[in-house]
Amino acid sequence: CPSGQGGVQYGSATDLLAFIKRISGTAHGTQANSNIHLNQDTGVLLSKHDMILQNGHYRIDSEVSLFPWKRIYRNADSAHIPKGAFGRVHLALDCVTRKRMACKLIPLEHFRYSDVEIQARFGHENVAELFGAILREGTLYVFMEAGEGGSVLEKLDSCGPMREAEVIWVSRQVLQALEYLHSKGVIHHDIKPSNIVLTSAKAVLVDFGLSVQMSEDSQVYNPKDLRGTEMYMSPELVLCGGHNTKTDIYSLGSTMIHMLTGSAPWVRRFPRTAYPSYLYIIHKLAPPLEEIPESCSTPLRSVLHSALHRNPARRGSASALLQHHALNPTTNQT
Ligand SMILES: Nc1nnc(-c2c[nH]c3ncc(-c4c[nH]c5ccccc45)cc23)o1
């Protein structure tokens, strides 16, 4: 690059995918990239109108300010946190336009191509929008839509169980995201309260680092590893015999129980201190229907029975559940 000219540029989602493909190859040592070894910032920003480059630079504390927000761990709710499966999410403010964004910092050695790929390829109002990614001194800065209301987990931890109307409001929007992603063959693999963030107007799905897109000619994904957070995992996923998008529906059912009761399924009956793993419990005892609170209305109870069905073929799809009268309260009041 000309002297003083930075390596960050405006581009399309295709340009951004090419960039993260290149650096994820570098992350796994398969190819050298001249800029990677310099202190040169490199990257692609998608939105010309509200992220302002200066001579190909988008530098922290110059073109954009970061404010520490939330330390996040992948599988933090599990008994173990795989090495490096962590990051930090900051609030980011563009210094010129004051655009507010979330910025996730991912050490290059822990970066997965799917961390960014799914959000770059599949846009939906209930999937955290991707604004760009910049590699700087071995750390990838991923700029995304901010859920300034924090996550559903924070809401539950600070305010306790949610009212049924709130649970329906959140569940509908997660189902809208899943209906879209599942139509593209994408499995999120980690639906849980900490991966649903809130803005003033909507709920948004985040963290696609464990997501996969099934091949077009197959309706079954045969996993190489166990993906997700144990308390929310479906029985078929735990068995590792192959699963499909319906595993996300079961995780949403588990998430709905957490929203209704304030606790994840199983943990009240089987405290984490005594049970380092829930995989056997999920295999032998699922589904956790007895964790549905007495106060739960009959219509919402039937949504949970469908979403938590042990047999994925009999579990409701996202499209089917979105038609359920319990999730369309305004229509059935007429
Ligand atoms: N794991 C992950 N991958 N992408 C995100 C993400 C994208 N946009 C966001 N907006 C808000 C938060 C967030 C979570 N807990 C919070 C508590 C307080 C404030 C904000 C938050 C997280 C994100 O998170």
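Counting convention: from 1, in listed order, for ligands and their atoms alike. Just the heavy atoms: all of them, side chains too, but no hydrogens, waters or symmetry mates, feed the values below.
H124 pairs by the ring pair (Phe, Tyr, Trp, His ring centres under 6.0 Å) definition with Y180, not counting sequence neighbours. The side chain to side chain donor-acceptor pair (under 3.5 Å) check on H182 picks up D248, with sequence neighbours excluded.
Between N195 and ligand 1, no N or O atom pair is found at a separation short of 3.5 Å. Ligand 1 has no N or O atom lying under 3.5 Å from any N or O atom of S194, backbone or side chain. Residue E154 has at least one nitrogen or oxygen atom sitting less than 3.5 Å from a nitrogen or oxygen atom of ligand 1, judged on distance alone.
Between R268 and E291 there is no salt bridge, since no side-chain N of the basic residue sits under 4.0 Å from a carboxylate O of the acidic one. Salt bridge D225/R227: present, at least one basic N to carboxylate O contact under 4.0 Å. Ion pairing between a basic and an acidic side chain is recognised when a charged N comes within 4.0 Å of a carboxylate O; K192 and D190 show such pairing. Of the charged side-chain nitrogens involved, at least one lies within less than 4.0 Å of a carboxylate oxygen, so that K99 and D50 count as a salt-bridged pair.
When the options D190, V89, L153, T199 are ranked by their closest heavy atom to atom 23 (C) of ligand 1, first place goes to V89. Nearest-heavy-atom check against atom 22 (C) of ligand 1 across V204, V197, L198, I106 picks out V197.
Those atoms of ligand 1 with a heavy atom of G147 less than 4.0 angstrom away are 9 (C), 10 (N), 11 (C), 20 (C). Below 4.0 Å from some heavy atom of A102 lie the following atoms of ligand 1, by number and element: 7 (C), 8 (N), 9 (C), 10 (N). The atoms of ligand 1 that sit less than 4.0 Å from any heavy atom of A146 are 10 (N).
Under a cutoff of 6.0 Å and an axis angle of 45°, K21 and Y113 form a cation-pi pair.
Residue contacts with ligand 1, taken as heavy atom pairs separated by less than 4.0 Å, involve V206 solely via side-chain atoms from C-beta onward.
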